[in-house]
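Below: the structure, in structure tokens.
Order of the sequence lines sets the chain letters (A, B, ...), proteins ahead of strands, with each chain counted from 1.
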Amino acid sequence: MKQNDRIPMIEVAHVSKYFYLPHERITSFKESAARLFKPTDTKKLTALCDVSFSISRGECIGIIGHNGSGKSTLLKILAKIYYPNSGNIRVNGSISPFLELGVGFNPELTARENIYLNGIVLGISRKEITRVFPQIVAFSQLEKFMDTKLKNFSSGMQVRLAFSVAIQPNADIYLMDEVLAVGDIDFQKKCSDVIHHFKKTGKTVVIVSHDLKSIKAFCNRTLWVDDGIIKHSGVTTDIVKKYVEHSKRVSSHSQR
Amino acid sequence: MNYDLIWELAKTDFKIRYNGSILGYLWALLKPLLIFLILNFIFSRVFSTGVQNYSLNLLTGLIIWGYFTDSTKMGLTSIFTKSSLIAKINIPLSAIVIASTVHTTITFIINLSILASFFIWFHVYPSVWSVGIFIVYMLLLYILILGFTFLTAPLYIRYRDLDQIWEVLLTLGFYAAPIIYPLSFIPEKFRHWLWLNPTGYIIHYSKLALIDNELITLSNLIPVIFSILLFLIISIYIFNRYKNHIAEML
């Protein structure tokens with residue numbers, strides 16, 4: 001068991017990511033034709049700059065930082081949605097991304113159809129969904145609404161349904177982006193139970209959140225991303241303390 | 001290849017497309033038939049062409065052309081319409097492209113069974129060889145559609161004008177293909193211009209095989225097979241070069 005703890009599940013080495021943003025985005029032939037002979041003035045935006053870290057099996061890592069600091073880009077690179085411009089990422093196991101709940105949900109389909117659609121998009125096989133279908137329904141507590149179209153669901157009900165599907169894939173690594181702050185208190189309790197369960201069963205969890213309370217509750221280690229670099233990393237309580245102090249200083253400075 | 005994913009995406013497209021209309025899926029069959037009735041009335045009653053089996057020739061051409069139009073229009077916008085998915089999850093883009101061709105192909109196959117009943121109605125019975133060569137042509141048409149989709153779906157993310165241009169080109173293609181007129185109406189020296197529209201070529205030889213039982217020689221067919229396959233390979237090559245950057249372009 002002790003040896004197991006040292007196995008790196010995710011290794012990120014010198015990763016950089018740029019976005020080239022044209023000042024005015026070219027989206028038609030006429031505009032590109034007009035710009036063909038002009039030098040295009042694109043702005044190079046560095047979202048991540050030479051980021052390196054590694055995450056071991058069974059760890060629960062928090063990622064914090066201000067808006068636009070590069071947290072979500074980092075998570076999208078881990079989820080293989082974006083590809084880095086330079087550097088390497090080694091992932092040792094299967095990933096289940098929770099970047100948004102209910103990816104692929106369609107309001108015109110029934111809850112039952114959406115469970116299949118969402119599940120398959122998340123990489124679960126049709127057979128497997130049929131097997132765990134009762135569990136999904138029970139967890140969502142929406143038994144009565146399985147043949148109702150999703151557009152008639154309240155947003156809370158949609159989130160419950162989505163979360164119930166999202167926890168199904170039996171992955172080694174779970175990536176979560178601000179998914180903890182949804183639903184009512186009962187449901188939040190259920191979510192935190194699920195994360196504790198992941199931790200107990202030796203899964204690796206990465207949480208991006210602005211909610212420092214839940215970061216403190218779940219994560220042993222935290223990365224503070226600022227302006228595309230990892231400003232600080234270490235034990236959660238220390239990092240959160242530094243982050244809060246920094247935020248206070250910045251806001252009092254700007255008030256003056 | 002993720003068949004579950006392709007099938008689920010295709011099924012959803014299908015459900016959403018006819019969602020909320022009373023006749024629902026029937027429209028997929030009714031639309032080409034209604035267009036056929038209009039054109040058939042115009043060209044066999046109003047401006048008579050005097051072509052033997054005109055109605056059958058027209059319907060065959062319309063159904064094949066309809067398949068091409070429908071599939072390429074859906075294919076062109078296939079990645080764009082799934083952008084909410086692509087931005088949030090690592091999903092194989094090739095599955096999205098292939099799924100967009102699946103549901104139009106199923107509609108086409110059902111339309112073909114209607115076409116078959118028209119052949120029986122007109123007492124035209126193609127030979128086994130004719131049907132065989134027709135199936136080869138339809139496979140070629142599918143490969144052409146797939147190649148077009150792989151090539152243009154990523155481009156459409158960047159150039160939103162493409163669907164407008166394609167709409168116009170399709171109208172041009174409809175008149176530049178032997179659909180409402182037979183090939184013999186075009187003077188010999190202009191005919192090779194018509195083959196710039198590969199679908200027109202496929203329609204002409206499909207009609208020739210099915211209705212007139214005239215088979216193309218293998219030596220004529222091989223260059224066509226070769227160039228359509230080459231088109232698919234080039235399209236997939238370009239697609240693979242762009243696919244990793246599509247999520248950030250959305």
Side-chain angles (χ1 to χ4, degrees), chain A residues 17-22 25-33 45 47 72-73 75-85 91 95-110 113-130 149 151 166 175 177, chain B residues 1-21 24 77-93 95-96 99 102 152 154-166 168-169 240-250:
Chain A
K17 179 73 195 170
Y18 317 115
F19 294 108
Y20 292 93
L21 302 177
R25 206 155 180 189
I26 305 166
T27 46
S28 75
F29 276 132
K30 196 191 150 205
E31 284 172 51
S32 358
L45 190 114
S72 293
T73 306
L75 209 61
K76 281 190 173 186
I77 286 179
L78 292 180
K80 295 204 171 91
I81 295 168
Y82 290 167
Y83 289 75
N85 293 89
V91 175
I95 287 186
S96 176
F98 280 46
L99 298 198
E100 191 181 85
L101 286 172
V103 178
F105 266 10
N106 195 308
E108 296 292 342
L109 299 179
T110 65
E113 291 168 323
N114 270 307
I115 288 176
Y116 276 93
L117 178 62
N118 185 221
I120 286 171
V121 165
L122 290 174
I124 318 173
S125 71
R126 169 168 286 280
K127 242 165 121 185
E128 177 67 10
I129 297 172
T130 308
K149 281 188 179 180
K151 63 178 174 189
L175 307 177
D177 191 355
Chain B
M1 196 54 79
N2 192 336
Y3 295 108
D4 270 354
L5 179 61
I6 293 173
W7 184 240
E8 195 65 29
L9 290 174
K11 223 168 63 182
T12 306
D13 279 349
F14 199 84
K15 281 181 195 157
I16 298 307
R17 193 166 190 193
Y18 299 106
N19 176 54
S21 64
T77 56
S78 58
I79 290 181
F80 179 70
T81 51
K82 294 282 181 297
S83 48
S84 60
L85 224 61
I86 297 161
K88 294 294 176 194
I89 199 160
N90 171 25
I91 184 173
L93 288 182
I96 290 177
V102 169
T152 58
L155 276 179
Y156 182 67
I157 305 293
R158 185 92 194 259
Y159 301 108
R160 299 288 156 70
D161 313 56
L162 277 175
D163 58 341
Q164 313 286 348
I165 295 170
W166 187 240
V168 175
L169 284 178
N240 280 334
R241 284 196 55 176
Y242 281 102
K243 67 174 179 190
N244 289 352
H245 305 288
I246 287 173
E248 52 197 80
M249 284 165 71
L250 292 170

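Nearest heavy atoms, A:Glu113 versus B:Glu8: O-OE2, 4.3 Å.
Neither the backbone nor the side chain of B:Ile246 has a heavy atom closer than 4.5 Å to any heavy atom of chain A. Looking at A:Phe19, only its side chain comes within 4.5 Å of chain B, counting heavy atoms on both sides. Contact annotation for A:Ile95: neither backbone nor side-chain heavy atoms come within less than 4.5 Å of a heavy atom of chain B. Only the side chain of B:Ile16 comes within contact range of chain A, with heavy atoms under 4.5 Å apart.
Sparse packing is recorded around OH of B:Tyr242, with 12 or fewer heavy atoms of other residues, nucleotides or ligands lying under 6.0 Å away. No more than 12 heavy atoms of other residues, nucleotides or ligands sit less than 6.0 Å from atom NZ of A:Lys80.
Here the NZ atom belonging to B:Lys15 is positioned 7.0 Å from the OG1 atom belonging to A:Thr110, to the nearest 0.5 angstrom. To the nearest 0.5 Å, atom CD1 of residue A:Ile81 and atom CG of residue B:Leu85 are 10.0 Å apart. B:Glu248 contributes atom CD, which lies 10.5 Å from atom OH of A:Tyr20 (distance to the nearest 0.5 angstrom).
Screening residues 79-92 of chain B for side chain to side chain donor-acceptor pair (under 3.5 Å) gives B:Asp13-B:Lys82 as the qualifying pairs, with residues at least two apart or on separate chains.
When the side chain to side chain donor-acceptor pair (under 3.5 Å) test is applied to B:Asn244, no partner is found at least two apart in sequence or on another chain.
Of the residues listed (B:Asp4, B:Thr12, B:Ile89), the one engaging A:Val121 in a side chain to side chain contact (heavy atoms under 4.5 Å, CB included) is B:Ile89, and it is the only one.
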